[in-house]
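Report on the structure given below.
Computation of the quantities below employed the complete heavy-atom set of this structure, encompassing side-chain atoms and omitting hydrogens, waters and symmetry-equivalent molecules. Note that the numbering runs from 1 along the sequence shown for the chain.
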Amino acid sequence: MTPALWHAADAAAPAAADTIALGDIVRFRGADWVVTAFHGGRLFLDVAEPVEPGDPAEPLIILQTTVTSAPDFAVLNRAAPRSTLPGRIGEFHALPRDVRKAAEQWERHVKEVLHQQAPNVPATTLPQPAFDPERRTLRQRYQAKAEQLTQRGVPVSAATVERKCAAWRREGLMGLVDKRHLRTAAPHGRVDARVVDIVWEILDDERARGLSPGTLSRLIDRVEQTVRVRYAKLLADPKTARGLVNSPATFYRLLERLGITAENAHTAAARHAAGPAISAARPGARRATWARWPGELVQIDTTGLDVLVLGDDGRVISVELTIAIDVATRSIVGSLIVPKRVGRTGGTGRWLAGRATRSFDTMQVVAQTTAPLPARPGWAPETFMEGSDLPFEDLLAADPRFAGSAARPVIKPETLVIDHGSPFISADFTRACHSLGIEVREARLRTAPDKAIVERAMRAVKTGFSQHLAAYTHHRLDLRGKRIRKQPLWTIAQLQELFEQWVVLHWQQTPHGALRSPFTPGLRLTPNQMYAALVSLRGYRSTALAEQENRKLLPAVWVRVSRKDFQINNRTYNLGRGKLDPCRGSSGLTAKQGRWEVHYSPDHPEVAWLFNHRAEPGIDPWIEVPFIHRRLLSDRWTEETWAEALHIHLSNGGSRRNEAAITRATAKLLRDAAQGPPATPASKPIPRAAAPSRPALPAPAEPYDDDMPPLDPDSVRPFRSLDRPAGDLFDTSEPVRGAEQNLEQFLASLPGLPPPSPTDP
């Protein structure tokens, strides 16, 4: 072999691991195998060492690509790294133009040294004698290329050419790029990563201790104090202290890069502590917010609707909206609008003159997810399911309740994601969800990804629905209108119906950017189309609850039962003498202090159901008990109406024990609400304190009352004229001008007045 061939063999790339030869010992699926034969694309492998002594060694016939693509594959009997693709085209084109041009020029020189010819040169052209491998060794060619470039004005050495050739073999074109342009800035600049960890540590400690966030200067001072105490030995040496000691300007730039401000310091720390939505490095991390089929994950939340409405009592109030949205299809499967609280009684601390979203309201939203939404009279034909993208025929065959329903799917939740609001973490809501087989999962505190879908849907509701209504109030006070209360107002029932129509017509039939069908990934689908594509994954099963099962979903209270009655919120429920004897005395439940379980509906509180857990098998455990004064209320009334009437009754000096008077106040409130608000509502301010009484002044006499006789002009006596000179009227020693004139002469001298006649009085 000639010296040139020796150098060519030395310069050849080492054998790759995925280039298998006979007799190689390879690692595959946790075991060692010997390559015994090849047959086309298949390998014949024998076990090199049995897993357990005495086990028969069975050969393995497998595709070579299956073996070489395994994660744990390796060649054990020789040094053979796995082959890699050196080309990084995208990264190369992201470099500046002059850097790419210089690398391409070096590649031309490298190919001329290694391949005898420069690129884009015909193969019939004879190579230059300086780069002919039959005449010159590889090292001589390195030296010839260095001399050539030096003569052209680019002084380089043979070692530089050799280094460029080795880099090109190893990394391709990217190996010839100037490494100064490949450097990336540190994520936190020149600040040591330990300083960044101390910043998050201090903020997390403040959040855990419940301290108020301060200014950034206070945070910087605490970080510097912690660094001085924790790394005192490192700060003594200037080399090891680099990055630990920073100027205030560097600290402020670091906090800006971390997204920390004086207003959101604790929020940023909570976001950093929560980490990404999915992370393999954090044990117990939750997966990202996504679902594979309808109902796998449903999120529920409550927010203000930013709309003023007319309450049942004629007052202008705000409302809250609660929705449940399915993650897989982005369908709104339940919604309810309720009024907000408007006042409280003085000194008691209990809300009476209003309400807000309660656990019973959230339970109604969950109940809506199990039944079709009936279309209201007067709705547009586009709202019916029969002409929508939903599989109406298949759903109707599975559940006859879909006849005449609106185009909104029925999706029963399997897992319900809630926040830490009191209506959702209440015992009634949790018990109702568990009775329906729904798993309740609480979102992490201050972790937006856990409920990002429903939060974004709330924003879309406000921009797509609320702002187009009359009496819309912006969530920012500086952008709120000044005459909102004077606009036409909707009632709560009308607003609920409008929102349900908007959901069916707009939300469920608008393409969503996050909904892509696996069959047509390039098209955006509507929530109804996505449900039609995914409903076959799990199918549809009707959820029809019996009457007794529905009673278990109602709010529960625990009461003491006497011989014939019990009380709920100042209301007595009576069934007659002796009919409640099975539930007299203690219930035996020590956790409830012997009380009995009663369920009632806040929307229909005229009847309550007492549950007898001691009932014998085969006997209905539910006992229906009516309200004793229900006959005084002819109209439908609710728990809110009773609370408002109780507030009015107490403000007028009434007693809580007078249930009949409270019932009459409730009836009067219902009659007043049926008549509507007055045409000109009068607002009479309540006096702060009673003013002391004053004596009444006598009324002035009426000068023209009926007893006055008729006037006779002849009986009127003229008033006497002035019978003395005008000069005598002034008490002065100086002579008065015109004092020698009498009254007639004085009046005649005035301009514009005729002289008096003898007949004038």
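Electrostatic pairing of Asp192 and Arg194 counts as a salt bridge here, judged by a charged N lying under 4.0 Å from a carboxylate O.
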message: Set out, in order, the CA-CA distance, both residues' side-chain angles and the distance that settles salt bridge (charged side-chain N to carboxylate O under 4.0 Å, His left out) for Arg209 and Asp205, then state yes or no.
response: CA-CA 6 Å; Arg209 295 164 55 189; Asp205 179 69; 3.1 Å; yes
task: Please report the C-alpha distance between Glu414 and Arg538 in whole Å, then the side-chain angles of each, then the deciding distance to 0.1 Å, and finally whether the salt bridge (charged side-chain N to carboxylate O under 4.0 Å, His left out) criterion is met.
output: CA-CA 12 Å; Glu414 297 180 10; Arg538 300 297 292 265; 3.7 Å; yes
message: Using the rule given for salt bridge (charged side-chain N to carboxylate O under 4.0 Å, His left out), can you reason through Asp221 versus Arg218, listing the C-alpha separation, both sets of side-chain angles and the distance that settles it, and then say yes or no?
response: CA-CA 5 Å; Asp221 293 341; Arg218 190 188 76 173; over 6 Å; no
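A donor-acceptor pair under 3.5 Å is formed between the side chain of Asp72 and the backbone N or O of Arg29. Thr36 places a side-chain N or O within 3.5 Å of a backbone atom of Phe44 that can act as its donor or acceptor partner. Without hydrogens or angle criteria, Asp450 side chain to Arg444 main chain gives a donor-acceptor distance under 3.5 Å. Although no hydrogens or angles enter the test, the distance criterion places a donor-acceptor pair under 3.5 Å between the side chain of Gln467 and the main chain of Thr463. Under a 3.5 Å cut-off, the side chain of Trp33 and the backbone N or O of Asp24 do not form any donor-acceptor pair. Listed for the Asp326 side chain is a donor-acceptor partner under 3.5 Å among the backbone atoms of Thr329. The main-chain N or O of Val454 is found under 3.5 Å from a side-chain atom of Gln299 such that the two form a donor-acceptor pair.
Side-chain atoms of Val417 and Leu297, non-hydrogen and from C-beta on, do get closer than 4.5 Å to each other. Side-chain contact between Arg27 and Leu76: present, with at least one pair of heavy atoms (C-beta onward) separated by less than 4.5 Å. In this structure the side chain of Leu235 reaches within 4.5 angstrom of the side chain of Arg228, judged on heavy atoms. Taking the side chain as every heavy atom from C-beta outward, Pro527 and Leu515 approach each other to under 4.5 Å. For the pair Ile438 and Thr415, the minimum side-chain heavy-atom distance is 4.5 Å or more. Using a 4.5 Å cut-off on side-chain heavy atoms (C-beta onward), Val327 and Glu296 make no contact. Residues Val113 and Cys165 have side chains in contact (heavy-atom distance under 4.5 Å, counting atoms from C-beta outward). Counting only heavy atoms from C-beta outward, the side chains of Leu244 and Leu234 approach each other to under 4.5 Å.
Between the side chains of Thr250 and Arg253, at least one donor N or O lies within less than 3.5 Å of an accepting N or O. Neither side chain, Thr526 nor Gln508, offers a donor N or O lying under 3.5 Å from an acceptor on the other.
Other residues, nucleotides and ligands contribute at most 12 non-hydrogen atoms within 6.0 Å of the CZ atom of Arg242. Dense packing is recorded around CZ of Arg100, with more than 12 heavy atoms of other residues, nucleotides or ligands lying under 6.0 Å away. Within 6.0 Å of NE2 on His39 lie no more than 12 heavy atoms contributed by other residues, nucleotides or ligands.
Pairs engaging residues 192-245 under the ring-ring contact (aromatic ring centres under 6.0 Å, His included) rule: Trp200-His272 [sequence neighbours left out].
Residues meeting the ring-ring contact (aromatic ring centres under 6.0 Å, His included) test with Phe251, sequence neighbours left out: none.
Contact record, Leu203 with Ala269: CB-CB, 3.6 Å, taken as the closest heavy-atom pair. Minimum heavy-atom separation, Lys451 to Ala443: CD-CB, 3.8 Å.
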Identify every side-chain donor-acceptor pair in residues 146-155 under 3.5 Å, counting partners at least two apart or on other chains, and give the distances.
{"from": "Glu147", "atom 1": "OE2", "to": "Gln143", "atom 2": "NE2", "distance (Å)": "3.4"}
{"from": "Gln148", "atom 1": "OE1", "to": "Lys145", "atom 2": "NZ", "distance (Å)": "2.8"}
{"from": "Thr150", "atom 1": "OG1", "to": "Ala146", "atom 2": "O", "distance (Å)": "2.7"}
{"from": "Thr150", "atom 1": "OG1", "to": "Val156", "atom 2": "O", "distance (Å)": "3.4"}

